[in-house]
Amino acid sequence: MAKFEIPSRMRALELSAHGNTVKDACKNLKVVARDVPRPAKGQVLIRVEATPCNPSDLSYLQGTYSVNRPLPTVPGFEASGVVVKSGGGLVASWLAGKRVTCAGQSPGDGTWAEYFLADAMGCLPLRKGVDFEQGSALVVNPLTAFALLERAQDFGSKAVVQDAAASQLGRMILALANERGIPIVNIVRRSEQAQMLKQAGAAYVLDSSDNDFDQQLAKLAVDLNATTAFDCIGGNMSARLLEALPPRSQVIVYGGMSGEDPIAKSRDLVFFRKNLTGFHLAKHVEERGVLWVLKTIRQVQKRVETKILHTDFTARLSLADAAAGIAMYSENMSQGKPLLLPGKP
């Protein structure tokens, strides 16, 4: 392992209070000086090269995410970097000096800092063909895309429907579905998003603002026998998806972009035997185990190397510029996410 000079202090982006909106929360994000943490046995210290802002981070900033960290705290759930110190233990010692991707939702500080203390079991080495930028976003979206499609296939679905299809995750689901030959109906909110997805190879794109959207969706769902829908919006969209699908179908809710709880009509649940269920990546990983993660991340990295999967970043920000960039991202998330570069001046 090469010798890295580890400072005693580091810069970190600290959240002092949650906000009702992302913009309000970003006013409570400040760059502060903190002690560089020391890894215990089974932990590693990572010099963070890149760390993205995901929709789950926006939920956390507003205090609506499942993870509850004592304030003030450093946000961030995902990063790439170099392991500069091991706290001991077989896996932690093996990771020393390696380029890694990591993700975690521990009660401790997150990844939006120059250094991050990670559980060694939550870190995976990066392949040579994966740089730090793409490597920083290998876990949350790609694993979710793989897991959702696995859920649909386990359910026996021959085709699927997804809303928020123009998002980063939506485009990953589209790419994987196309690769596997699974027909997918993609729902967007604007015509320019529809055009973008068609250029990316989408065969079926519907605009939810069209007057006949529900009729179009129901016809496609029946014609394609789409018995699973991935719902990132919630609220009334959950009911619209459920109503459009054939009997004995399922809607998997994995987000709440509308800010409203999912709705379902009794007749769909009772008479047509449809299901409204949920998905949370952390729980899915717990159920599938570390071998599933290792296998899936290997597949993800191969597809990143061959450009099948790709994360778009609209801005590369220093910690000092991060709050303003995150606030802008919250207003137009389909264009790409901001990437924080803690080492950037």
Side-chain angles (χ1 to χ4, degrees), residues 54-56 78 103 124 134 137-188 197-198 200-206 217 220-221 223-234 237-238 241-242 244-246 248-255 257 262 274-312 334:
N54 293 305
S56 55
E78 193 174 21
L124 295 162
Q134 291 300 311
L138 284 183
V139 179
V140 175
N141 280 353
L143 287 190
T144 298
F146 269 85
L148 287 173
L149 285 171
E150 284 179 8
R151 286 271 296 267
Q153 291 180 297
D154 289 345
F155 192 70
S157 298
K158 304 302 181 184
V160 298
V161 175
Q162 67 163 339
D163 59 24
S167 68
Q168 294 283 303
L169 176 54
R171 280 177 273 173
M172 286 190 177
I173 292 172
L174 169 63
L176 291 176
N178 284 346
E179 182 187 50
R180 299 178 185 188
I182 300 172
I184 180 167
V185 180
N186 301 276
I187 300 171
V188 297
L197 289 185
K198 289 175 181 177
Y204 308 102
V205 184
L206 299 179
L217 177 59
L220 271 177
D223 289 349
L224 298 173
N225 194 24
T227 56
T228 293
F230 307 139
D231 179 19
C232 187
I233 296 176
M237 179 57 77
S238 304
L241 291 171
L242 206 62
L245 299 185
R248 298 180 181 271
S249 294
Q250 65 173 355
V251 171
I252 302 175
V253 180
Y254 70 94
M257 290 175 58
K274 301 178 186 181
N275 294 317
L276 185 65
T277 186
F279 173 86
H280 185 219
L281 180 60
K283 297 298 182 184
H284 186 83
V285 167
E286 284 179 15
E287 293 169 0
R288 293 299 177 103
V290 66
L291 291 180
W292 179 85
V293 175
L294 291 172
K295 174 187 173 183
T296 308
I297 285 290
R298 187 180 302 115
Q299 294 183 57
V300 169
Q301 294 205 59
K302 288 180 179 179
R303 284 160 177 79
V304 170
E305 287 181 320
T306 56
K307 311 300 183 184
I308 293 174
L309 296 181
H310 181 80
T311 300
D312 292 322
S334 64

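Counting from 1, the numbers follow the sequence of the chain as shown. Given the structure is predicted, the values throughout are model-derived calculations rather than measurements.
- Atom CG of Leu174 is separated from atom CG of Leu169 by 11.0 Å, given to the nearest 0.5 angstrom.
- With hydrogens and angles left out, the side-chain atoms of Gln250 and Arg151 include no donor and acceptor closer than 3.5 Å.
- With a 4.5 Å cut-off on side-chain heavy atoms, Met257 and Met237 do not count as touching.
- Heavy-atom minimum distance, Val160 versus Ala152: CG1-CB, 3.7 Å.
- Taking all atoms of both residues into account, the shortest heavy-atom contact from Leu176 to Ala145 is CD1-CB, 3.8 Å.
- With contacts defined as side-chain heavy-atom distances shorter than 4.5 Å, the pair Leu309/Phe146 qualifies.
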Assess whether side-chain contact (heavy atoms from CB on, under 4.5 Å) is satisfied between Ser238 and Val253, documenting all intermediate values. CA-CA 8 Å; Ser238 304; Val253 180; 4.3 Å; yes
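- Shown here for Ile308 and Ala175, the closest heavy-atom pair between the two residues is O-CB, 3.6 Å.
- Shortest non-hydrogen contact noted between Ser157 and Thr227 is OG-OG1, 2.7 Å.
- In this structure, OG1 in Thr144 is found 9.0 Å from NE2 in His280, a value given to the nearest 0.5 Å.
- Side chain of Gln134 to backbone of Thr311: a donor-acceptor contact under 3.5 angstrom is found.
- The shortest distance between side-chain heavy atoms of Phe230 and Leu149 falls below 4.5 Å.
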Kindly determine whether Val293 and Leu124 satisfy side-chain contact (heavy atoms from CB on, under 4.5 Å), including the steps that lead there. CA-CA 9 Å; Val293 175; Leu124 295 162; 4.0 Å; yes
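- Here the CG-CG distance, from Leu148 to Leu281, works out to 9.0 Å after rounding to the nearest 0.5 Å.
- Rounding to the nearest 0.5 angstrom, the gap separating the CD1 atom in Ile297 from the CH2 atom in Trp292 is 8.0 Å.
- A side chain to side chain contact (heavy atoms under 4.5 Å, CB included) with Pro142 is found for exactly one of Arg303, Met172, Gln301, namely Met172.
- Between Leu241 and Ile233 the shortest side-chain heavy-atom distance does not fall below 4.5 Å.
- Using a 4.5 Å heavy-atom threshold, the side chains of Pro262 and Leu276 count as touching.
- No side-chain heavy atom of Tyr204 sits less than 4.5 Å from a side-chain heavy atom of Ile184.
- The CG atom of Leu217 lies 5.0 Å from the CD1 atom of Ile187; values are rounded to the nearest 0.5 Å.
- We find the CD-CG distance between Gln299 and Leu294 to be 11.5 Å, quoted to the nearest 0.5 Å.
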side-chain contact (heavy atoms from CB on, under 4.5 Å) evaluation trace for Gln153 with Ile182: CA-CA 9 Å; Gln153 291 180 297; Ile182 300 172; 3.6 Å; yes
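- Smallest separation of non-hydrogen atoms from Leu245 and Thr228: CD1-C, 4.3 Å.
- For the side chain to side chain donor-acceptor pair (under 3.5 Å) condition, the pairs that include at least one residue of residues 158-168, sequence neighbours left out, are Gln162-Asn186.
- Among all heavy-atom pairs drawn from Ser249 and Pro246, the shortest one is OG-O, 2.6 Å.
- A tilted orientation is assigned to the rings of His284 and Phe279, their planes being inclined by 30° to 60°.
- Remark: side-chain polar atoms of Glu78 are paired, donor with acceptor, to backbone N or O of Val139 under 3.5 angstrom.
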